[in-house]
Amino acid sequence: MTMTYFRKAIIPAAGFGTRFLPISKTVPKEMLPVGDKPVIQYVVEEAVEAGLTEILIVISRGKEAIPDYFARNPELERRLESTGKGDLAAGLRRLSEMARIHYIYQNEMKGLGDAVLQGRAFAGDEPFGVLLGDTFITPAKGGGRSSATLARLLETLMERKTSAVAVEPVPADRVARYGVAGGEEIAPGIFQVSQMVEKPEPGKAPAVRLLSGESGPSRHYAFAARYVFTPGLFAELEQTVPGKNGEIQLTDAMTALMDKEGFHAVELDGVRRDIGNPEGLRQALS
Ligand code: UTP
């Protein structure tokens with residue numbers, strides 16, 4: 001386990017999940033099962049594996065299945081124990097006790113930036129991780145841990161004293177779906193970020209200059225659902241003007257923070273499983 005002097009993570013899970021209607025009318029997309037677990041459990045386990053055991057999950061009305069899932073149910077545990085199913089009871093206790101999980105409501109779905117802002121009091125003046133609740137990471141082929149990327153982000157924050165985001169290469173014709181980082185590779189898989197653009201038009205996306213070769217090659221790198229931030233992020237979020245659909249874009253606040261404090265990116269170690277859309281869920285299940 002990575003030794004860090006901070007242990008807090010914010011998991012935004014308040015979005016409407018419109019791409020999963022009508023299922024998401026009653027089942028939060030973060031509760032959709034992959035194998036024997038709901039997606040959000042993978043996300044919580046990843047945070048815990050990286051040493052982030054104080055967790056704030058941002059929810060919204062109708063997503064109470066998430067706190068219900070992680071809450072203790074002593075009556076059920078007693079029933080299981082008295083009927084010879086002690087193993088099941090112990091499993092339920094482990095699920096509830098793996099982290100200290102807190103919850104907060106995002107009252108209006110004003111975007112990812114606004115969801116993270118709900119964690120201001122929780123984070124206080126400490127750095128913290130952000131893990132999107134609808135995306136989990138599976139280890140790269142050949143082993144490894146699903147928390148490898150988060151561990152590397154935490155190391156980067158501690159060593160280089162800036163916020164950092166996980167990124168992965170994205171083909172030029174798909175940049176318009178993602179937040180995209182531009183900058184320079186300063187160590188293998190670590191980038192100094194000098195530009196960030198949310199959903200750039202193809203042809204206008206920033207690129208990263210790679211270590212191999214002075215004048216190129218360069219590549220586009222998209223944000224990959226994992227971040228670590230200094231507490232300075234909150235002041236920038238407070239000042240971020242809502243953009244399209246009245247949403248406060250996390251990328252806007254990240255750009256402002258980059259201008260003040262600098263910013264790094266770390267290449268994703270593993271495979272990103274974004275189940276926020278039916279195609280992504282199908283891939284995660286295959
Ligand atoms: P998405 O944009 O993928 O989620 O946000 P969404 O808004 O639920 O999706 P659609 O477009 O309606 O299908 C990525 C993550 O940020 C959270 C989501 O819950 C998801 O985990 N989020 C998004 C919030 O917590 N609040 C928001 O206002 C928006």
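For the single chain, residues carry numbers from 1 onward in sequence order. This structure is a prediction, so every number in the text was calculated from the model and none was measured. Numbering of ligands and ligand atoms starts at 1, following listing order.
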- For atom 1 (P) of ligand 1, is some protein heavy-atom partner under 4.0 Å away? yes

- Message: Minimum distance, heavy atoms only, to atom 28 (O) of ligand 1: which one of Pro12, Gly111, Pro28 is it?
- Response: Gly111

- Indicate yes or no: does an N/O atom of Ala14 lie under 3.5 Å from an N/O atom of ligand 1? yes

- Check against side chain to side chain contact (heavy atoms under 4.5 Å, CB included), Phe223 and Glu168: CA-CA 7 Å; Phe223 300 160; Glu168 66 176 342; over 6 Å; no

- Here the atoms of ligand 1 under 4.0 Å from any heavy atom belonging to Met109 are 28 (O)

- Item | atom 12 (O) of ligand 1 - nearest protein heavy atom and its distance | Thr18 OG1, 2.6 Å

- Could you establish whether Leu112 and ligand 1 come within less than 4.0 Å of each other, counting only heavy atoms on the residue side? yes

- Message: His264 vs Thr162, test: side chain to side chain donor-acceptor pair (under 3.5 Å). Steps then yes/no.
- Response: CA-CA 7 Å; His264 289 85; Thr162 74; 2.7 Å; yes

- Item | Proximal candidate to atom 6 (P) of ligand 1 [heavy atom criterion; set Lys29, Lys63, Glu108] | Lys29

- Query: Does ligand 1 have any atom that is closer than 4.0 Å to a heavy atom of Asp134?
  - Reply: yes

- Residues Glu54, Arg100; criterion salt bridge (charged side-chain N to carboxylate O under 4.0 Å, His left out); working and verdict: CA-CA 5 Å; Glu54 286 279 331; Arg100 276 166 55 93; 2.6 Å; yes

- Task: Could you tell me the residue and atom name of the protein heavy atom closest to atom 23 (C) of ligand 1, and the distance to it rounded to 0.1 Å?
- Result: Gly15 CA, 4.0 Å

- Task: For the pair Phe191 and Tyr221, name the ring-plane relationship: parallel under 30°, tilted 30 to 60°, perpendicular over 60°.
- Result: tilted

- Message: Within ligand 1, which atoms have a heavy atom of Phe16 less than 4.0 Å away?
- Response: 8 (O)

- Same cluster (ILVMFWY, side-chain, under 4.5 Å), Ile248 and Val116: yes

- Item | Val43 and Arg226: CA distance, side-chain angles, deciding distance, side chain to side chain contact (heavy atoms under 4.5 Å, CB included) verdict | CA-CA 10 Å; Val43 180; Arg226 298 294 182 264; 4.1 Å; yes

- Item | Part of Glu30 within contact of ligand 1 (heavy atoms, under 4.0 Å) | side chain

- Plane angle bin for Tyr227 and Phe229 - parallel if under 30°, tilted between 30 and 60°, otherwise perpendicular: parallel

- Where is the nearest protein heavy atom to atom 26 (N) of ligand 1: which residue, which atom, and how far? Gln106 OE1, 2.7 Å

- Query: Looking at Ala115, which atoms of ligand 1 are within less than 4.0 Å of one of its heavy atoms?
  - Reply: 24 (C), 25 (O), 26 (N)

- What atoms of ligand 1 come within less than 4.0 Å of a heavy atom belonging to Gly133? 21 (O)

- Measure from NZ or CZ of Lys199 to the centre of the six-membered ring of Tyr178 and say whether it is under 6.0 Å with the direction within 45° of the ring axis. no

- Nearest non-hydrogen protein atom to atom 8 (O) of ligand 1, with distance, is Gly17 N, 2.8 Å

- Do Arg273 and Thr138 meet the criterion of a side-chain donor-acceptor pair at a distance under 3.5 Å? yes

- Nearest protein heavy atom with distance in Å, relative to atom 13 (O) of ligand 1: Arg19 NE, 2.8 Å

- Message: Counting only heavy atoms from other residues, nucleotides and ligands, does the tally under 6.0 Å from CG of Asp68 exceed 12?
- Response: yes

